[in-house]
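Beneath this line is the structure, given in structure tokens, with notes to follow.
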Amino acid sequence: MIELGYIREHPDEVRQALVNLHTEAPIDEILALDERRRALLAEVEALRAERNRVSKEVPRTKDPHQKREMIEAMRAVGERISELEDELAPVQARLDEALLEVPNMPHPSVPVGPDESHNVVVRTVGDPPTMAFQPKPHWELGEELGLIDFYRGVKISGSRFYLLRGGAARLQRALIAWMIDVHVREHGYEEVYPPYLVRRECLYGTAQLPKFAENQYFDSEDDLWLIPTAEVPVTNMYREEILAEEQLPIYHVAYSACFRREKMSAGRDTRGIKRGHQFDKVEMVKFVHPDTSMDELMRLLDNAEDICRQLELPYRVVQMCTGDLSFSAAVKYDIELWAMGCQEWLEVSSCSNFMDFQARRANIRFRPADGGKPQYVHTLNGSGLALPRLMIAILENYQRDDGTIGVPEAIRPYMGGQTELP
RNA sequence: GGAGAGGUCGCAUAGUCCGGCCGAGUGCGCACGAUUGGAAAUCGUGUAGGCGCAAGCCUCGCGGGUUCAAAUCCCGCCCUCUCCGCCA
């Protein structure tokens, strides 16, 4: 959430940001509600001050007549306060709601552009493997080698579900364990295992709600929501907390299953395992001092790239332009792996700096070491990495002319020394 | 799921029966100061958050109600703990 005072004082900058983001938000409504709210608040607070003052006098007043008059007068004041409060409540409620619909402001360094065609390829690392044969897409490899069972996935759970079998299931499990270990051992993260079902407030904290409700699965009976990413439970670990400055920065890495209804992407990527309703991901989350968050973003991105480098997969880093920025990110870099079979760049990681946007929503603060007022932390996160697309890249890029698939060196110790699939 | 106990300012607690002197006492912790060659001990002062230029307003798990006035009374909800039941 961005600060109400900022909208009030810089409405034109906010409007321009929305234009650059190619989105809309109820700014005019917010300004009108805010004005109304402040007027009502001034009135109601003056009355409350009077009531508080007189009510304190009441027990000290000896004269019964005077006492009765004071009580009568305050009864009238009380009624007026109630009226004003009834008027204020819906204004405040709608204002709170509207503020949650305003996206984060893009960082000044973000290139301005209408859509993904204006994203900037920052660097390309590694070369696609040379193959003396026609590489196959993973859905063919997966079926031929008995590694991916689409038919039964659909039978069990419907479209966009599949099963990994045998070596593929093992490979995924090995990748998860290995990636977590790399981030813990080499990059300084603390591993956490979070809940997959969270309360609704958490989704507000990380900004999946209120705007993206249609993409979430939830249990209406208990109002518990399935996480679309470990970002949600992990970022919310410190919601409503005031951390000590010395605790920062906090780095967490978490593996979780992720659940997405994909309502907004219905019909896209229906082939293969690129986009499912359930997938696994290793996620990195950081809580940092505001002064350091841009540096921290670069390191986070490098941590994610390190996985690609160690797996010897060709990738590129793309900076999102304003038009392709997500709702809550101020800056975002994607990492895309090149897949030989389907001949496309696959997004395996999104590394974002949210600045204080999520911290405001989730009320995550720190107390400066000099003892000053609590300040909002900056939060960041990045995939490190998402499994299905990583699996695609490995299956397609490590396929060999004899029909087998090589296991990347780095993973072999986690596969009991196994060197090829199936 | 059943029975009981409880959620108060970093932590621990007092206050709740009998509403006002309680936005809130005490201890610990922490900060600063005094004392000291230095330290311990001791003493003193300070020490929750939000809104507001300020006066002031709001917050004692959350929401609602009663009242001139609610931490305190009433209703609903959430969470924690203990015991019982059930269970990977």
Side-chain angles (χ1 to χ4, degrees), chain A residues 1-9 30-31 33-100 193-205 209 218-225 233 236-248 250 257 287 356-377:
Chain A
M1 157 164 85
I2 66 171
E3 200 185 349
L4 175 57
Y6 184 81
I7 301 176
R8 188 161 59 220
E9 278 148 43
I30 287 170
L31 292 169
L33 287 166
D34 178 45
E35 205 171 314
R36 182 83 186 114
R37 171 184 144 273
R38 284 148 63 85
L40 286 167
L41 215 49
E43 204 177 337
V44 91
E45 283 189 5
L47 289 171
R48 283 207 278 240
E50 188 190 356
R51 183 175 64 180
N52 288 347
R53 185 175 53 76
V54 176
S55 290
K56 269 193 185 123
E57 291 294 324
V58 167
R60 277 182 265 148
T61 304
K62 296 287 173 271
D63 180 9
H65 282 290
Q66 204 183 340
K67 200 166 197 163
R68 199 175 316 122
E69 270 171 33
M70 290 164 89
I71 290 175
E72 284 300 323
M74 286 312 101
R75 182 174 300 154
V77 168
E79 276 162 20
R80 180 66 187 140
I81 290 173
S82 292
E83 283 171 27
L84 289 169
E85 283 174 341
D86 288 346
E87 223 175 312
L88 181 62
V91 171
Q92 184 71 58
R94 177 54 200 147
L95 179 60
D96 293 343
E97 209 173 70
L99 279 171
L100 293 172
Y193 169 77
Y196 293 180
L197 290 166
V198 297
R199 300 155 154 283
R200 146 192 312 264
E201 301 90 270
C202 295
L203 279 306
Y204 276 95
L209 289 179
F218 73 107
D219 169 37
S220 58
E221 197 170 329
D222 294 319
D223 198 27
L224 282 172
W225 299 61
N236 279 282
M237 281 172 67
Y238 304 104
R239 69 175 296 112
E240 311 290 343
E241 289 193 27
I242 300 175
L243 303 163
E245 181 170 350
E246 301 77 55
Q247 286 177 265
L248 304 178
I250 296 172
F287 304 82
D356 62 3
F357 185 81
Q358 293 181 328
R360 281 179 189 282
R361 291 177 159 245
N363 202 217
I364 306 168
R365 293 170 293 174
F366 72 96
R367 188 178 299 282
D370 65 17
K373 286 279 170 196
Q375 293 178 35
Y376 291 107
V377 301

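Every chain is numbered from 1, with letters handed out A, B, ... down the list of sequences.
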Polar side-chain atom of A:E79 near backbone of A:A76 as donor-acceptor pair, under 3.5 Å: no
If the P atom of B:C60 is compared with that of B:C9, how far apart are they to the nearest Å? 10 Å
Quick one: A:N52 CG to B:U59 C1', roughly how many Å, whole number? 13 Å
Considering every strand shown, what is the Watson-Crick or G-U wobble mate of B:C73 when both distances are under 3.5 Å? B:G65
Using whole Å, what does the distance between atom C1' of nucleotide B:C57 and atom CG of A:L84 come to? 14 Å
Paired nucleotide for B:C60 [Watson-Crick or G-U wobble; both distances under 3.5 Å]: none
Report the nucleotide, chosen from B:C68, B:C51, B:G50, that has the shortest atom-to-atom distance to any side-chain atom of A:S55. B:C68
Separation of B:C68 atom P from A:K56 atom NZ, nearest Å, is 18 Å
Can you tell me, in whole Å, how much space there is between the C1' of B:C58 and that of B:G52? 11 Å
Tell me if a side-chain donor or acceptor on A:R361 pairs with a main-chain N or O of A:Y204 at a distance below 3.5 Å. yes
Base, sugar-phosphate, or nothing for A:R53, non-hydrogen atoms under 4.0 angstrom? nothing
Pairwise P distance, B:C30 and B:C87 [rounded to whole Å]: 50 Å
If I take atom CG in residue A:D223 and atom C1' in nucleotide B:C62, what distance separates them, rounded to the nearest angstrom? 15 Å
With both distances under 3.5 Å as the test, what is the Watson-Crick or G-U wobble partner of B:A5? B:U80
Between A:E45 (CD) and B:C53 (P), how many Å, whole number? 12 Å
Once you round it to whole Å, what is the distance between P of B:U66 and CD1 of A:I71? 17 Å
Using a strict threshold of under 4.0 Å (side-chain N to carboxylate O), is an ion pair present between A:R8 and A:D34? yes
Should the pair A:F287 and A:Y238 be assigned to parallel (<30°), tilted (30 to 60°) or perpendicular (>60°) ring geometry? perpendicular
Options B:G20, B:G50, B:C78, nucleotide nearest the side-chain atoms of A:P374: B:G50
Could you check how far CG of A:L224 sits from P of B:C78, rounded to whole Å? 12 Å
Nearest to the side chain of A:K373, which nucleotide is it out of B:G50, B:C68, B:C79? B:G50
For B:G29, give the paired nucleotide (Watson-Crick: N1-N3 plus N6-O4 or O6-N4; G-U: N1-O2 and O6-N3; both under 3.5 Å), or none. B:U47
Could you please name the partner base of B:C87, counting Watson-Crick and G-U wobble pairs only when both distances are under 3.5 Å? none
Output yes when A:E85 and A:R48 qualify as a salt bridge under the 4.0 Å nitrogen-oxygen rule, no when they do not. yes
Taking B:A88 as the reference, what is the distance to B:U80 when you measure between their C1' atoms (whole Å, please)? 24 Å
Considering only atom P, compute the distance from B:A24 to B:U47 and round it to an integer number of Å. 11 Å
Closest nucleotide of RNA chain B for A:L41 versus for A:E50: which of these residues is on the 5' side? A:L41
Just verifying a value: how many Å separate A:R367 CZ and A:E245 CD, rounded to the nearest 0.5 Å? 11.5 Å
Verify, without hydrogens or angle tests, whether A:N236 (side chain) and A:C202 (backbone) share a donor-acceptor contact under 3.5 angstrom. yes
If only side-chain N and O atoms of A:R48 are considered, is one of them under 4.0 Å from the OP1 or OP2 phosphate oxygen of B:C57? no
Base, sugar-phosphate alone, or nothing: which one does A:R365 contact when heavy atoms must sit under 4.0 Å apart? sugar-phosphate
Pick the P atom in B:U26 and in B:A48, then give their distance to the nearest Å. 13 Å
Nearest heavy-atom neighbours spanning A:E50 and A:V77: OE1-CG2, 4.1 Å
P atoms of B:C73 and B:G15, separation to the nearest Å: 13 Å
Please report the distance, rounded to the nearest Å, between CG in A:L47 and C1' in B:A69. 16 Å
Integer angstrom distance from the C1' of B:G63 to that of B:A14: 27 Å
Pair partner, B:A40 [Watson-Crick or wobble, under 3.5 Å]: none
Mind checking if A:V58 touches a base, just sugar-phosphate, or nothing, with heavy atoms under 4.0 Å? base
Pair assignment for B:C17, Watson-Crick or G-U wobble, requiring both distances under 3.5 Å: none
B:G49, OP1 or OP2 - any side-chain N/O from A:R367 closer than 4.0 Å? yes
A:R8 side chain N/O closer than 4.0 Å to the phosphate oxygens (OP1, OP2) of B:G52? yes
Ranking A:R38 and A:I242 by the position along RNA chain B of their nearest nucleotide, the one closer to 5' is A:I242
Taking only N and O in the side chain of A:R51, is any of them less than 4.0 Å away from OP1 or OP2 of B:A69? yes
